[in-house]
Undergrad: 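Have a look at this one before I ask anything.
Order of listing sets the numbers, starting from 1, for every ligand and every atom in it.
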Amino acid sequence: MQGTSKLPLFKTALPRPQFKKAKDDSHISKAEVTENRYKNHPHLKRRSKSTTDLMASSVLPLKPLQSIPEKKTTNVQTSTTSNNKIIINNNKTLRSTVKKNATASTIQKVVPPKAKPNGATQRQPQKRPALSTDDQPKAKVAKAPKVASWDFKTKFQLLNEKHTKLLQSYKELQEKYSSVADYEQYYDKYNEIQAAFDKQTTDYEKVAKNYAVLKSEHEKLLANHDSLSKQYAEQKDLCETYSDQIRTCEQNLEIKNKLCEKLSIENDWFRQQALDWENERRILHNTIFDLKGNIRVFCRVRPAVGCTEDQKLQCMLSYPDEYSLEIRKTKESISATSGKPIDNKADFCFDKVFSQRTTQEELFKEISPYVQSAVDGYDVCVFAYGQTGSGKTYTMLGEDCGNEGVIPRTVELIFRTIDALKKTNWEYEVHASVLEIYNENLRDLLSPTANQNMEIRHNCGKETTVTNLTIEKVESADGLRKLMELAQKYRTVAATNYNEHSSRSHAVTKIYLSGVNRSTKVCYKGSISLVDLAGSENAKLVENDRMKETKHINKSLTILGNVMLALYNKNKHIPYRESKLTFLLQSSLGGTSKTLLIVNVSPFEENFNESLNSLRFASKVKEVKTTVKRNKTEQQ
Ligand SMILES: Nc1ncnc2c1ncn2[C@@H]1O[C@H](COP(=O)(O)OP(=O)(O)OP(=O)(O)O)[C@@H](O)[C@H]1O
């Protein structure tokens, strides 16, 4: 029997070999066994037949034991407590008690504490409770009465009784065991289910936890969803409104595009017209200049401001019209010099005469067409001539606060003009240089420390250049103005009898303009030279230390006069080379330039003769006739 080794209680009560034999020889009666014994042991006294029969009848057919399912019992220990309860210990923590005399089916299970909802305590698998001591064959048997050793019959009876009892007991146990076996099956099943249940519980708790989290998230999402739905509805409405607007805009755009196409055609036509008109304007502008004369002379009389005690006596000045000036000495001065009428009165006629009350703005209004000519591709020269203290520097540079002179106003106008021309596809570049001629030497006023050898060159009579002269590119009116101010700082200045800050050099500011029309590819190259001449002075009145520079100034101005006279007389030889000033201004004086001479006149009687000289010189210049060409090329 396989199961007996796992059930030690049965081992002691039911010796296994006998049952095996009984299983094998279950049909041999007890009588046959006894018979065999007497055969083998003839010395034994045979019992009466009735006894043998009795014995035979008492023998129960031996039923083979049912195989008991193999169970692990090695870990199970039993112990009996004082109150007759058996405690089953599986060497862990679990215990169960079984009441004495309870059958296997009534074994009470000590149920472990239920797992807490938070899963802190885990349900332990239940161990199978051990059988009670009552389920085992009783070890102690009531003491049998003493039987004589020869009384085999009694012995046999006793044994038979014992056997019967044991069989009975065995049968009961068998029943109990089968029910225990069933129970064990169910118990294992229970444990399995319990384990599965525990697992399910754990899983359930996890799922429940997840569910709670998900539920709260779901609720949040629901809340979000509601607000988003609301927003979506609003946005959708807005979207529809925009869609309508877009449709309207698209329709409008289509109309506008058609209009644009039409306007673009018209615009091209107008641009072409503008170019034609611009061209025409340039031609007309030049024609007017030609009619007026390419060398023109303006006369400006300075006011008697800031005069000394000696200067209080002023000439008699009258302006019959805007082109004429009458100048004469006062009666007192005529009587003082016992009067020579020829030198006491003179009338002059110029292209324009500006009285003492003329503002800088009024003067520049008349000069601005020259700036336009420079932008249109002509070489222009404006120079201020006059004796020292007559107001040349004031005219050319002026003062701050609205009293700016010709140079700063020219700078402003140039940039305004080229900005306006951008509309008709003109692009201009502006460069500038400033030099002075002092004692017949050239000095670069934009880099005065360079001390380089500077020479005047004429390019086949077309263009005048100066070697090593700094020519700065200028991007704005402000930049150009700053450049002029810097140059003015380096100009040679000294005090004269008539001017505390007298310019002792001729200063030449030249602005180069080159423009190209992106549509027509026409290029114009013009320039404007703004010259502030040094003032002439009576050499007799000059102190020794300034004599040299005065001589140089007077000489160069005399040569300037000679050049103008030669031009007026249309001489073959014009003495340009005799001074640096005339050599530099050759193209301006001689014909390829539009030239404006501003003769400045002092109002003081003590300067009367010098003023007369200046006015006579200017009159001669006015008579000079020249023809001017435009520097026009076409881009490839
Ligand atoms: N139109 C004017 N209005 C007011 N003040 C003037 C005018 N012209 C000249 N002046 C003043 O007269 C003085 C001399 O003028 P300025 O320096 O321009 O003479 P200049 O001819 O340049 O002399 P120089 O040849 O010696 O340099 C200056 O104080 C100047 O402010």
Undergrad: Side chain or backbone, does Ala534 bring an N or O within less than 3.5 Å of an N or O on ligand 1?
TA: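 N/O-N/O distance under 3.5 Å: no.
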
Undergrad: Closest by any non-hydrogen atom to atom 2 (C) of ligand 1: pick that one out of Gly398, Gly386, Pro303.
TA: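 Selected option, by shortest heavy-atom distance: Pro303.
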
Undergrad: Any N or O on Ser390 sitting closer than 3.5 Å to an N or O of ligand 1?
TA: yes

Undergrad: Taking side-chain contact (heavy atoms from CB on, under 4.5 Å) as the test, write out the residues that go with Cys239, two or more places apart.
TA: none

Undergrad: Mark up the atoms of ligand 1 that fall under 4.0 Å of a heavy atom belonging to Gly535, in ascending order.
TA: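 Going through ligand 1 atom by atom, the ones under 4.0 Å from Gly535 are 25 (O).
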
Undergrad: Under 4.0 Å from a heavy atom of Arg300: which atoms of ligand 1 are those, numbered in the order shown and with their elements?
TA: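 The list of qualifying atoms is 1 (N).
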
Undergrad: So, does Gln387 sit close enough to ligand 1 that a heavy atom of it is under 4.0 Å from the ligand?
TA: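 Within the 4.0 Å threshold, so yes.
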
Undergrad: Could you tell me, atom by atom, which parts of ligand 1 come under 4.0 Å of a heavy atom of Glu399?
TA: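 Result: 31 (O).
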
Undergrad: Just heavy atoms, cut-off under 4.0 Å: does Gln356 contact ligand 1 by side chain, backbone, both, or neither?
TA: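 Under 4.0 Å from ligand 1, Gln356 contributes no heavy atoms.
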
Undergrad: Check the side chains of Asp321 and Ser324 for a donor-acceptor pair under 3.5 angstrom, ignoring hydrogens and angles.
TA: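 Per modelled atom types, Ser324 and Asp321 side chains form a pair under 3.5 Å.
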
Undergrad: Verify whether one side chain among Asp276 and Gln272 offers a donor that lies under 3.5 Å from an acceptor in the other.
TA: yes

Undergrad: Under 3.5 Å, N or O to N or O, is Asp532 touching ligand 1 that way?
TA: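 Not met; the criterion fails.
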
Undergrad: Considering only heavy atoms, which of Lys392, Met396, Arg357, Arg302 lies nearest to atom 21 (O) of ligand 1?
TA: Lys392

Undergrad: If you measure only the distance, is there a donor-acceptor pair under 3.5 Å linking the side chains of Tyr242 and Gln235?
TA: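 The answer is no; no qualifying pair exists.
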
Undergrad: Among side-chain atoms of Ser447 and Thr470, is any donor-acceptor pair under 3.5 angstrom?
TA: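 A pair is found: one side chain offers a donor N or O, the other an acceptor, under 3.5 Å apart.
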
Undergrad: Under 3.5 Å, is there a donor-acceptor pair linking the side chains of Gln586 and His458?
TA: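 On atom types as modelled, these side chains qualify, holding a pair under 3.5 Å.
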
Undergrad: Is it the case that ligand 1 has an N or O less than 3.5 angstrom from some N or O of Gly391?
TA: yes

Undergrad: Side-chain polar contacts of residues 413-428 - donor-acceptor pairs under 3.5 angstrom, sequence neighbours left out - could you list them?
TA:
{"unit_1": "Thr417", "atom_1": "OG1", "unit_2": "Leu413", "atom_2": "O", "d": "2.6"}
{"unit_1": "Asp419", "atom_1": "OD1", "unit_2": "Lys422", "atom_2": "NZ", "d": "3.2"}
{"unit_1": "Thr424", "atom_1": "OG1", "unit_2": "Leu421", "atom_2": "O", "d": "3.1"}
{"unit_1": "Asn425", "atom_1": "ND2", "unit_2": "Ser519", "atom_2": "OG", "d": "2.4"}
{"unit_1": "Glu427", "atom_1": "OE1", "unit_2": "Arg518", "atom_2": "NE", "d": "3.2"}
{"unit_1": "Glu427", "atom_1": "OE1", "unit_2": "Arg518", "atom_2": "NH2", "d": "3.0"}
{"unit_1": "Glu427", "atom_1": "OE2", "unit_2": "Arg518", "atom_2": "NE", "d": "3.4"}
{"unit_1": "Tyr428", "atom_1": "OH", "unit_2": "Val375", "atom_2": "O", "d": "2.7"}

Undergrad: Quiz question: by atom type and distance under 3.5 Å, do the side chains of Asn286 and Tyr378 form a donor-acceptor pair?
TA: yes

